[in-house]
Number of protein chains: 4
Amino acid sequence: MKASVIGASGYGGIELIRLLSNHPDFELQAIYSSSKENVPVTEDYPHLAEICPLPLTKIDPVAIKETSDVVFLAVPSGIATELAPQLAGGHAKVVDLSGDLRLKETDDYKKWYKKEPADRAFIADAVYGLTEWNRENVKTAKVLSNPGCFPTAALLGLAPVVKNNLIDMKNIVIDAKSGVSGAGRGLSPLVHFAEMNDNFRIYKVNEHQHIPEIEQQLAWWNKDTAPITFSTHLLPVSRGIMATMYAPLTSAMTTEEVYALYVETYKNDPFVRVRPSKQFPGIKEVAGSNFCDISVDVDTRTNRLVIVSVIDNLVKGAAGQAIQNANLMFNFDEASGLKGFPMYP
Amino acid sequence: MKASVIGASGYGGIELIRLLSNHPDFELQAIYSSSKENVPVTEDYPHLAEICPLPLTKIDPVAIKETSDVVFLAVPSGIATELAPQLAGGHAKVVDLSGDLRLKETDDYKKWYKKEPADRAFIADAVYGLTEWNRENVKTAKVLSNPGCFPTAALLGLAPVVKNNLIDMKNIVIDAKSGVSGAGRGLSPLVHFAEMNDNFRIYKVNEHQHIPEIEQQLAWWNKDTAPITFSTHLLPVSRGIMATMYAPLTSAMTTEEVYALYVETYKNDPFVRVRPSKQFPGIKEVAGSNFCDISVDVDTRTNRLVIVSVIDNLVKGAAGQAIQNANLMFNFDEASGLKGFPMYP
Amino acid sequence: MKASVIGASGYGGIELIRLLSNHPDFELQAIYSSSKENVPVTEDYPHLAEICPLPLTKIDPVAIKETSDVVFLAVPSGIATELAPQLAGGHAKVVDLSGDLRLKETDDYKKWYKKEPADRAFIADAVYGLTEWNRENVKTAKVLSNPGCFPTAALLGLAPVVKNNLIDMKNIVIDAKSGVSGAGRGLSPLVHFAEMNDNFRIYKVNEHQHIPEIEQQLAWWNKDTAPITFSTHLLPVSRGIMATMYAPLTSAMTTEEVYALYVETYKNDPFVRVRPSKQFPGIKEVAGSNFCDISVDVDTRTNRLVIVSVIDNLVKGAAGQAIQNANLMFNFDEASGLKGFPMYP
Amino acid sequence: MKASVIGASGYGGIELIRLLSNHPDFELQAIYSSSKENVPVTEDYPHLAEICPLPLTKIDPVAIKETSDVVFLAVPSGIATELAPQLAGGHAKVVDLSGDLRLKETDDYKKWYKKEPADRAFIADAVYGLTEWNRENVKTAKVLSNPGCFPTAALLGLAPVVKNNLIDMKNIVIDAKSGVSGAGRGLSPLVHFAEMNDNFRIYKVNEHQHIPEIEQQLAWWNKDTAPITFSTHLLPVSRGIMATMYAPLTSAMTTEEVYALYVETYKNDPFVRVRPSKQFPGIKEVAGSNFCDISVDVDTRTNRLVIVSVIDNLVKGAAGQAIQNANLMFNFDEASGLKGFPMYP
């Protein structure tokens, strides 16, 4: 199957190139960029020398949709709103990694993204690809909206207790931390090396655009869903997200009971690993891989549940989950092309 | 005034040496260690070459108390239980940086530290030196118990709203992150460079020994104090703590109102800086200094308050606050010897 | 083909597990350790949870040689001296990643490693596996001695000009820098996170055991070989080596001429990439991959050649080259199992 | 004495603010910037909140020279060429941290800086402030040219053997490594966090503008001076330079003999620390301080001397040495305001 990547000069695009180039079932045939044209991708990314001969090409939606079986859209929010409808409706299936097709309520998009939303009906038809929880719809999707990095980590961690109504939905606190590749390749003093090195910052407190995305999925799972509190921090690392989540249990449970629920829930999911009690994951333990590792611990003094969820933001939080979804859309093995181990140390 | 440091081969001790050596009112006259004897401190710490000629000396409490005006105890928990009583009661004032004299309830000490506590009456007499909130008692202290690093960051951040009864005391969540110098100089796979580099870990979830210390102070401030939820993470940085704290407001307030309260509260405190709205501090902005920088933000959707507090764990979280307290104990300017700027970048 | 790894609890062993587990032609069947027995490898390396079910097993050379087609020895120097002869001579081929079989002159081994050498004849029969330069011998090797990490980077960089007699062999200076995974998993203050973070150190100046290994290969290539000057530095990164090398040209050449020689030399080598003029490689551009990237630049003012060579010390400098050699020993595609892209950023 | 800083929004300017604010003899009275006007310096540098009330002010040379006793120029190269002459000639002494007044041969400036030089006579009168080697001239300087960061590290390391004619001046190789603050605060993909983190790069091979500065001073010391080979690397750290230097000894010497020469040479210099044999300095051991730490080691196999020299590029390599020079220019204690210890860890 022929795959194209649009937005190939960003980190999400580059990670798609890494993963698709060694995918047994997809052939990466072309890469596109709005900022560069007819230059080898190796100009900006010399680590691809001699292994990725593709040039960055101008985006021509008509040509792309005709020549591709699947198009991965790794463009900034706002651009997919334009491009996705042009790419859809023909032969090619579309996997959009931006935030443009995630929020079914277009008013939410306007409010949190501060941009004009895509067509409401088009968004309604896009399948939200939190793979582990939406496999049947993903399999038949023509347009797939790939989840955000923070929502992926948070939702996989919260799902078992939210769906089983075991936590107080009005008191969920998510304290999230991300490596700086999540901020993209755009230059900014915030991620200037000398300033971020040996540093740690908090940003977008109570105003991150991933908040409505998390709440939307929570509401699909649980009718008592209420606004969450969500904050995001920048770690002085290249990759990785940890979401530390806190919520009161609605009735007393032991760590072992919660752990057993998580193990049972994810027993057939190749990319979710539930860690034994007190063996909390570090972000490096999933680096470069499509794994989401989860630990749970009950604070018996407060009857509050602590959930820790880690992913590589560029893999399970972006390119990896996109390919996992595409695998399902084409009826391939869900793990095809995603079997690389974490790179440790 | 003659100052001695016991436990000078650890990071807390080394930081005391750095700060005391340039202190205008204290003279660092001797340094002691239980693990090294009659070797120059420069053997393990060559950065002190030619500027700290003192050898590490065997700990002899009788001699130390006779020759010192103030003794800083920077030994591991469990050791101060033995040493502090031997050093106290004479001419010298004692500033203990360990956790041994902090918990007035000796049962709490046993439970959380898993060690035998010091004499209950001796602990009762030790003054808990959260400087900004206990100045009058600090001034007359003979034995001072210096707060832990996490409690310092957390308590300075929580104080204004806890004392004014503005948050739901039953729903405080503290998500704390620390640089690895907080783990000391002891070798461990956890802080082996190749494993901690580009990594981020969570540890001691719901079981950190700083929990009862925080709750003790909260209870002194507010009778509705209940167990908190507190988790700690390791950052891939050398120094710095950020405590991100969450609690529901008991009634609706704006960020501006909370901010105004904090500014008013700390207006005369030389080492607490309240940051303007949306200008959250990064840990590097206090590195090497005795500052605690605080931001507040109200999540209007949930009426939950987010408080961000950062310190340098070795300065305001250890050696700096110890000297700040000693300054008061000897009636010096509170900021004496602590006026160095943060080192940035 | 059945592969076993001995020394699987070290970083070299873990990297072999990562690469062999996704190798199409080798099946990793057992892993061995002298320090751990009958514990899952995931105990120390939780990143392998659910993907490497193998336990660490006690080393039994007789059983290993009978059940394996190839044995990778990733043990510390001194241990392979004992083990390699016990493993060799039967059905299994042996790939030794230690320094024990590299130096043909056993006196050199004694002098630089300060240990007793293996049997001289046994060492003589071991093939030195600098793959690009010894393919024919590698193909028929029964016992292969895998090059050291620094020698790999240095020798691939020096080969074209040394073999063609273009530099003054009496004036070669190699300034090498390595990530700390090269120092292994053994705990040491040198690589304690708080001390190595934001730091950079030089070590083993003029006394590194890789010096005679480099000189031995240079002498095989060029009869004018003389002692080199070689120094090693520790970078605050997990992986990667850069060797910056300096030598006077014996006659005037332009950068372009030297570059052309390198391109021609390595045109058929899948893992050596010669970078265009002034596009020097960074170590991250080969991270996780088996590439060696090389740049050259002539200092026209001094007629001195500067050669820059980078590898991932755990891949091309250890496990990757070992597999590259094993591929040849079993007549597989030289790049089999090694086609993963560098992980960037 | 009233001090002003021009270029206060760059890292050199910020470091001057840090050091001058706690200087007992200088009063920092005003700070100037070409890019910002009438904004508090805390806008870009919130670590200065409440401790540096000064606004960034528009540069008005006439006013500055009238109101200042000393002006520190921390502007990019090319700007000092304009400003320094306007500031000089009146009451105020000028300390220029740029490269504009360092090269006495204006053709060298043109060639290496690719800009128009300042007036030749004006440059001739500027005193080159490599403090340890030019104290008498510094004391009477009206316009002082502060050395570059790399030249400071390299020259202090080379001086004893160059002045005593002990090394082959035609074969000096300097392999220099710098933290990224040396690249300034200007944004660039090269120092974007996600790309520089866990990375190491080489840059400006054989073309760094500090080459002629080093050679100029070497020639003042030794008539046999010839072109050097000099390369520069970027370390993933915020601060620090290590220069590893190699040169053949002209006659056989032991490490001990060379060491003794260095100890004797620098015995009265408060900021140069010669490290005992085999105790090589790491860059963190001088971080935040004005020290230059030096080690020497003779490679007996090649009779080549290895010299290791480390500094903090922003202190001894910029702001610290500038203040050290200003201290001499005003007849203060040379170490005034510079007695802060290295910050370790």
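Sequence lines set the chain letters: A, B, ... in the order given, protein chains first and strands last, and positions in each chain run from 1.
- Here the CZ-CD1 distance, from C:F150 to C:I311, works out to 8.5 Å after rounding to the nearest 0.5 Å.
- Put simply, of C:E195, C:R301, C:R201, the one with the most heavy-atom pairs under 4.5 Å next to chain D is C:R301.
- Across C:Q216, C:E213, C:Q209, C:Q217, a single residue satisfies side chain to side chain donor-acceptor pair (under 3.5 Å) together with C:R102, and that is C:E213.
- Interface remark: C:V306 contributes side-chain atoms only to the contact with chain D (heavy atom separation under 4.5 Å).
- With a threshold of 4.5 angstrom between heavy atoms, C:I283 approaches chain D through its backbone and through its side chain.
- Side-chain N/O atoms of D:T229 and C:D299 include a donor and acceptor closer than 3.5 Å.
- Put simply, CZ on C:R18 and CG on C:L314 are 9.0 Å apart, with the number rounded to the nearest 0.5 Å.
- Most heavy-atom pairs under 4.5 Å with chain C, from the set D:L234, D:T302, D:V298, D:T300: that is D:T302.
- Contact of D:Y203 with chain C is not made at all, since no heavy-atom distance falls under 4.5 Å.
- Annotation: side chain of D:P342 is in contact with side chain of D:F291 (closest heavy-atom distance under 4.5 Å).
- Counting all heavy atoms, side chain and backbone alike, C:V296 lies closest to C:T255 at O-CG2, 3.6 Å.
- Put simply, of D:G240, D:P227, D:A287, D:S231, the one with the most heavy-atom pairs under 4.5 Å next to chain C is D:P227.
- Counting only heavy atoms from C-beta outward, the side chains of D:Y262 and D:I307 approach each other to under 4.5 Å.
- Looking at C:Y246, the atoms closer than 4.5 Å to chain D (heavy atoms on both sides) all sit in the side chain, from C-beta outward.
- Ranked by heavy-atom pairs under 4.5 Å with chain C, the list D:E285, D:K170, D:K177 is led by D:K177.
- In this structure, the portion of D:E215 lying under 4.5 Å from any heavy atom of chain C is its side chain and not its backbone.
- Note that the CD1 atom of D:I167 and the CE atom of D:M245 stand 9.0 Å from one another [nearest 0.5 Å].
- Annotation: maximal heavy-atom pairing with chain C below 4.5 Å, among D:V308, D:I228, D:V310, occurs at D:I228.
- For a heavy-atom cut-off of 4.5 Å, chain D lies close to C:A194 in residues 179-194 of chain C.
- Residue C:I241 does not touch chain D at all, counting heavy-atom pairs closer than 4.5 Å.
- With D:D297 as the partner, the salt bridge (charged side-chain N to carboxylate O under 4.0 Å, His left out) test is satisfied by one option alone out of D:R304, D:R275, D:K278: D:K278.
- Using the six-membered ring where Trp is involved, C:F200 and C:H233 have ring planes that are parallel, under 30° apart on the 30 and 60° scheme.
- In terms of heavy-atom pairs under 4.5 angstrom with chain D, the leader among C:P281, C:S295, C:P345 is C:P345.
- Taking 4.0 Å as the cut-off between side-chain N and carboxylate O, D:R239 and D:E15 count as a salt-bridged pair.
- Between C:H47 and C:Y45, the ring planes are perpendicular. Angles over 60° get that label, and only those under 30° would be called parallel.
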